[in-house]
Amino acid sequence: MPESITISVTVNSRRYERAVEPRTLLIHFLRDALGLTGSHVGCETSLCGACTVLVDGAATKACTLLAAQADGRAVTTIEGLAQDGALHPVQEQLWHHHGVQCGYCTSGMVLAAVALLEREPSPTDAQIRAGLKGNLCRCTGYANIVDAVHAAAAALAAR
Amino acid sequence: MSETTTDNTNFRWIGKRPVRHDGVDKVTGRAQYGADFTLPGMLYGKALRSDCAHGIIKSIDTSAARALDGVKDVITGADLPEVSSEGQIEGEAPASVRDTAHNVIARRKVHYHGHTVAAVAATSPSVAEEALKLIKVEIEALPVVLDVMEACSPDAPLIEEHQHTNGDTGSPPSNIASTNTFEDGDLEKGFEAADVIVEHEFDSGTVHQGYIETHACMAEAKENGEITLWVSSQGHFSIRDATAQVLAIEPSRIKAIAAEIGGGFGGKTTVYLEPLAVLMAQRTGQPVKMVMSRDEVFRGTGPAPGSHTRIRMGATSDGRITAVDCDLWFEAGGYPGSAVGAAMMALIAPYEVQNFRIVGYDVLVNKPKSHAYRAPGAPNAAHASEVVIDEICEQIGMDPLEFRLKNAAKKGTKAPYGPVFPEIGMVETVQAAIDHPHYQAPLGANQGRGVASGFWMNGGGDATAHLSVLPDGKVTLVTGRPDIGGSRAGHAMVAAEELQIDVDDVRPSIGDTDSIGYNGVTGGSSTAYSAAVAVYEAAHKLIADAKRRAAEIWEVKADDVEWRDGAAHLKAGVNGTEAPLSLADLAGKASQTGGPLAADAAVNAKGAAPALGTHICDVEVDPDTGKVDVIRYTVVQDAGRALHKSYVEGQMQGGAVQGIGWALNEEYLFDDNGVMENAGFLDYRMPVALDLPMIDTVVVEVPNPRHPYGIRGVGENAIVQPLAAVANAIYDAVGVRLYEVPMSPPKVLKALQDAKATRNVAANGNGAAAQPAREPEPVTAR
């Protein structure tokens with residue numbers, strides 16, 4: 001068994017110190033060590049985007065990062081997005097615009113969209129489609145997801 | 001988005017767009033999918049897969065793996081019971097129990113690269129993977145056959161040495177598991193009556209359903225022999241039964257709990273991991289979780305069959321189809337059971353054709369056992385028929401939608417597979433496509449427009465529903481078909497519609513196999529349809545009971561009570577001043593009026609009616625690279641009656657996009673040894689948001705008269721048309737016909753270059769060239 005190392009990661013505003021095997025991917029650390037199963041695994045090759053989380057605010061596929069690389073950094077997963085009992089506008093609008101079918105890509109799609117709207121608060125259709133190109137959805141054909149991101153942009157602007 | 005409704009019945013909820021009840025779970029990560037369950041002491045199971053595509057297993061040495069610290073169990077095919085080939089496993093793609101069992105874990109032979117040969121349960125995933133490397137498998141390799149036509153040849157390597165076509169032992173063994181023919185009329189006379197005859201051969205690559213969640217399950221075996229199975233599937237009842245059949249145990253010993261399912265599209269209607277996880281849980285006494293990698297999903301689970309099709313179609317110069325002669329050869333994969341039968345049914349079903357002969361062949365090749373994928377077989381079939389129709393229209397100078405209107409099947413038309421159609425929406429969808437602004441919109445340079453129609457028969461089947469009134473008058477609804485795209489919300493709408501209450505006052509959930517009666521799979525576009533029948537019946541039982549209780553309380557006759565706005569009312573004209581009794585009021589008096597207020601219905605929903613749809617596709621072709629972009633796309637489909645309009649549209653959009661991926665990019669690539677070379681999302685390229693325009697939808701409603709609301713299945717139809725619609729659009733854009741999907745850039749570029757060479761020969765020679773392609777226009781900077 002490889003030697004374990006101790007890392008300190010802030011996840012959803014809470015600080016965790018954990019011993020991990022050096023080869024542990026961030027996604028498995030989140031799911032298996034912390035029990036945060038809202039981030040999903042679809043490919044483990046950074047192609048599907050189902051495991052997307054925010055690392056220091058940047059959308060990051062959690063299968064591309066070792067847990068050790070998250071040492072000292074702040075991670076936001078889907079479980080940490082709602083604040084004070086209220087959904088984030090991206091969550092709310094994906095739900096209300098029926099941008100969810102099976103829901104498996106949803107967590108990653110939400111966080112990719114949150115990061116996109118941070119960069120580009122009022123994106124065009126093309127900017128949304130480009131911003132979400134790293135997140136596969138096999139169910140919806142993306143139309144309702146694009147609509148939802150527009151609606152979330154409007155909701156955020158109205159805040 | 002638009003809609004064409006032929007009936008103006010007023011509904012409270014049906015056809016509306018309420019937000020889904022499971023929405024918060026899905027957007028907050030609370031929803032638990034197949035891999036999200038954990039139990040104390042749980043082991044991690046992994047499958048060892050064959051690195052040889054065809055061969056005889058000589059030996060499997062598991063001793064080193066067993067000796068590894070942390071390994072708790074290692075199993076091979078020898079540890080499973082041998083089961084008879086007589087039994088059938090039900091589901092979306094029925095197969096024999098023996099074939100399914102051997103596909104789960106190989107016995108004497110491996111039939112494809114990626115076929116499971118052993119499995120391990122260990123204390124961590126990494127130990128399990130380490131153990132797999134220590135298992136020594138000796139396989140005597142046999143010649144590999146991958147091409148469906150080569151597999152039909154009498155001297156092809158035999159995948160099942162004792163398989164005779166249609167079980168006819170008088171014929172020599174063959175890779176052709178079965179063949180079947182649909183025919184009617186007089187083919188010869190039909191072709192004699194034709195003014196134009198077009199014949200072509202078509203090919204489709206092997207494609208995958210591409211659900212983002214990989215297969216996953218967890219099994220726990222108790223000391224008394226009872227088993228609990230958490231599973232992501234399209235039908236936990238059929239997974240329970242298939243697991244029991246493969247392990248030769250009673251289904252009553254297994255309780256299957258439906259996890260949320262991260263996509264399936266037909267591919268999660270059979271077992272792969274479940275019997276292995278259960279067996280290892282039984283042997284170790286510890287829970288076992290198994291989760292596939294993406295690589296395993298590609299190599300080890302059912303893709304949609306690749307196919308070769310030869311079709312000959314005749315028509316008169318005024319646009320009547322006179323005859324169709326077609327052979328379809330489908331790759332079953334390593335075991336029998338491709339979707340060729342459904343392909344035969346769908347091939348020309350949108351049309352009224354008097355003279356036809358359709359022959360299907362189910363052919364074994366050394367590829368993963370094919371399985372259902374959204375409208376199984378129909379896209380391959382429509383690819384052929386709808387492109388040939390496009391060519392006929394060009395030759396006779398007729399608008400392709402006018403041609404479809406003229407030949408449209410309608411109520412009373414005899415389907416090629418036998419029955420007479422009830423009300424169907426072929427005419428209505430074609431007319432809506434003609435009337436859509438998209439059909440007349442201008443096109444630019446290197447842009448073209450194609451259309452295609454498609455048919456899917458739709459299913460019904462077993463469904464059970466349970467309604468129970470809560471103390472505050474809200475209602476729980478338990479059904480038993482996994483909710484793959486919003487059916488829970490749809491069924492809550494049915495309950496709310498009939499009980500005349502707010503849809504948010506219904507709490508829908510999916511019950512496990514011990515807590516509700518049997519339910520079929522969420523497949524065959526059957527779930528919104530059939531479970532809606534069960535919910536409807538349960539709601540009416542509940543209303544009848546509620547009225548009886550109100551009558552008892554009021555001391556009037558049950559006939560004096562009516563149900564309105566979620567409450568029992570005294571009928572107008574009946575003497576009395578009693579205030580209405582709501583569900584909450586009745587729940588409060590339940591014990592005094594006969595016990596808890598609840599109702600069940602268990603039905604076999606017959607009367608599913610086919611879905612028809614017509615698509616309009618615009619593409620732009622880059623003549624320098626052969627890359628094709630879909631720039632506008634409209635799906636017109638008959639939903640009978642849309643239950644939840646947004647989810648109907650979502651199915652239409654999602655299906656069309658899967659079809660676009662199939663048309664342009666997706667296919668399994670194998671080396672000569674049968675090893676898949678692109679078993680990942682990098683090289684098996686599925687459409688991303690950036691690849692697509694907004695997919696527009698037109699929901700046509702020609703109600704199904706055999707359903708309380710007129711619902712037809714909607715889930716599958718929209719994947720049928722895109723292969724042909726895109727091919728026809730490419731022809732319209734640049735004048736080259738492609739007969740093979742995917743129409744990937746190298747193939748389009750080659751077709752353009754070949755056409756150019758033909759043009760040059762024609763220009764330099766004496767002009768005998770047949771159909772010269774148009775000179776593509778240069779691309780201007782955009």
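Within every chain, numbering begins at 1; the chains are lettered A, B, ... in the order of the sequence lines, protein sequences first and strands thereafter. These numbers come from the heavy atoms of this one structure, side chains and all, not from hydrogens, waters or symmetry mates.
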Could you look at B:V19 and say if it's the side chain, the backbone, both or neither that has a heavy atom under 4.5 Å from chain A? both

Taking every heavy-atom pair that is under 4.5 Å apart, which of A:G99, A:G38, A:G42 has the most such pairs with chain B? A:G42

For B:P18, is it the side chain, the backbone, both, or neither that has a heavy atom closer than 4.5 Å to a heavy atom of chain A? backbone

In terms of heavy-atom proximity below 4.5 Å to chain A, should B:E260 be classed as side chain, backbone, both, or neither? neither

Out of B:R30, B:Q209, B:Q32, which one racks up the most heavy-atom pairs below 4.5 Å with chain A? B:Q209

The interface call for B:Y33 against chain A, heavy-atom contacts under 4.5 Å, is side chain

Per-residue contact mode, A:V146 against chain B (heavy atom under 4.5 angstrom): neither

Can you check whether B:G613's main-chain N or O pairs, donor with acceptor, with B:Q721's side chain at less than 3.5 Å? yes

Chain B heavy atoms under 4.5 Å from A:L81: which part of the residue, side chain, backbone, both or neither? neither

Should we count CD of A:E120 as having more than 12 external heavy atoms under 6.0 Å? yes

Need one label for B:I261: side chain, backbone, both or neither, based on atoms under 4.5 Å from any heavy atom in chain A. backbone

Chain B contact via A:T140 - side chain, backbone, both or neither, heavy atoms under 4.5 Å: backbone

Taking the six-membered ring for Trp and the single ring otherwise, decide whether the centroids of B:H644 and A:H98 are under 6.0 Å apart. yes

Under 4.5 Å to a heavy atom of chain B? For A:Y142 that would be side chain

Portion of A:H40 that has a non-hydrogen atom of chain B nearer than 4.5 angstrom: side chain

If I measure from the heavy atoms of chain A, does B:V291 come under 4.5 Å with its side chain, its backbone, both, or neither? neither

Please check if any side-chain donor atom of B:R374 sits under 3.5 Å from a side-chain acceptor atom of B:Q651, or the reverse. yes

